[in-house]
Amino acid sequence: MKPLHLATALIALTAAAGFAHDGVQNPVVMARMMNMSDMAEQMEVVVNMARGQTDFDAEIAQAAMAQLARDAAATHERFAEPATDPKSEALPTIWDNFADFTERAEATQASAEAAISAITSRETLIPAVQAIGATCGGCHDLYREE
């Protein structure tokens, strides 16, 4: 799958997961889900720009990347407690391989942080979106229910 298609697929999956937030009882799980939903919203902003579906705006793209970096930085803290909820899509392998999970969150954070100053045009946005899509997708493949 091409990286921009991967990023689009990730957004669609996460957007669909928004409906899964209904009925979540565990506040720890809800906080995790909200964090992931915010990441999906930021990805939607930059993917739409990268695909030319919305006008490129460096300031908006950079702000989305900054928020992605903040959300990614909070990920390992939000998952530190192996909290469960029937609505959770987090697989138990997160806590079996927490060091790997944390490294993947840090890779997403680093990609987003690097993109902030690198984004000056749609052409520079595309590889940034591809890099972040790959880090997100790699984590979802291992640690999230489909």
Side-chain angles (χ1 to χ4, degrees), residues 1-51 53-54 58 60-120 122-146:
M1 184 178 294
K2 291 184 178 181
L4 279 180
H5 296 297
L6 173 64
T8 302
L10 291 171
I11 290 168
L13 286 171
T14 306
F19 296 109
H21 289 87
D22 290 340
V24 175
Q25 299 295 313
N26 188 320
V28 172
V29 173
M30 178 59 87
R32 291 191 318 225
M33 293 172 94
M34 296 305 293
N35 188 69
M36 292 295 151
S37 291
D38 190 55
M39 291 177 80
E41 289 172 17
Q42 303 313 313
M43 281 298 291
E44 184 174 13
V45 168
V46 294
V47 166
N48 287 340
M49 279 187 208
R51 296 181 84 199
Q53 294 173 331
T54 58
I60 291 172
Q62 291 166 349
M65 290 296 181
Q67 185 60 47
L68 270 166
R70 287 189 294 274
D71 289 337
T75 300
H76 72 280
E77 292 172 16
R78 298 226 187 268
F79 283 86
E81 180 183 333
T84 60
D85 189 281
K87 296 282 187 170
S88 177
E89 295 175 336
L91 293 172
T93 55
I94 289 172
W95 298 283
D96 295 338
N97 302 306
F98 198 69
D100 178 66
F101 178 79
T102 299
E103 286 175 21
R104 290 172 183 274
E106 289 169 352
T108 299
Q109 178 184 356
S111 291
E113 287 173 346
I116 295 168
S117 62
I119 297 170
T120 58
R122 181 177 176 275
E123 290 71 26
T124 59
L125 176 62
I126 292 170
V129 169
Q130 292 170 336
I132 292 170
T135 62
C136 292
C139 199
H140 285 198
D141 289 345
L142 295 172
Y143 299 117
R144 180 177 177 210
E145 286 182 10
E146 292 296 322

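Not measured: the values here are computed from a predicted model.
For Q25, the side chain to side chain contact (heavy atoms under 4.5 Å, CB included) partners are D85, not counting sequence neighbours. T124 is linked by a side chain to side chain contact (heavy atoms under 4.5 Å, CB included) to I119, T120, S121, counting only residues two or more places apart in sequence or in another chain. The side chain to side chain contact (heavy atoms under 4.5 Å, CB included) check on A63 picks up nothing, with sequence neighbours excluded. Listed by chain and residue number, D38, R70, D71 satisfy the side chain to side chain donor-acceptor pair (under 3.5 Å) test with Q67 (two or more places apart in sequence, or in another chain). Evaluation of the side chain to side chain donor-acceptor pair (under 3.5 Å) rule for Q62 yields no partner, not counting sequence neighbours. Scanning for side chain to side chain donor-acceptor pair (under 3.5 Å) contacts around E113 gives Q109, with sequence neighbours left out. Considering only residues two or more places apart in sequence or on other chains, A64 meets the side chain to side chain contact (heavy atoms under 4.5 Å, CB included) condition with Q42, V45, V46. Looking at residues two or more places apart in sequence or on another chain, you find no side chain to side chain donor-acceptor pair (under 3.5 Å) involving S111.
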Residues K87, N26; criterion side chain to side chain contact (heavy atoms under 4.5 Å, CB included); working and verdict: CA-CA 9 Å; K87 296 282 187 170; N26 188 320; over 6 Å; no

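Under the 4.5 Å side-chain criterion, counting only non-hydrogen atoms from C-beta, M65 is in contact with L125.
Counting all heavy atoms, side chain and backbone alike, A105 lies closest to A72 at O-CB, 3.7 Å. In terms of heavy atoms, A66 sits closest to I116 at CA-CD1, 3.6 Å.
For the atom pair NE2 of H140 and CE of M36, the computed distance is 6.0 Å after rounding to the nearest 0.5 Å. Expressed to the nearest 0.5 Å, how far OH of Y143 lies from CG of L91 amounts to 10.0 Å. Atoms OG1 and CE, on T108 and M39 in that order, are 5.5 Å from each other to the nearest 0.5 Å.
Within the 3.5 Å criterion, the main-chain N or O of M34 finds no donor-acceptor partner in the side chain of S37. Counting only distance, with no hydrogens or angles, the side chain of N48 and the backbone of Q53 share no donor-acceptor pair below 3.5 Å. R144 contributes no side-chain N or O that, together with a main-chain N or O of A90, makes up a donor-acceptor pair within less than 3.5 Å.
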Pair up each side-chain donor or acceptor in residues 76-83 with any protein partner under 3.5 Å, not counting sequence neighbours, and list the distances.
residue: H76; atom: ND1; partner: A73; partner atom: O; Å: 3.3

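Within the structure, every pair that satisfies the salt bridge (Lys or Arg N to Asp or Glu O under 4.0 Å) test and touches residues 93-104, not counting sequence neighbours, is listed here: D100-R104.
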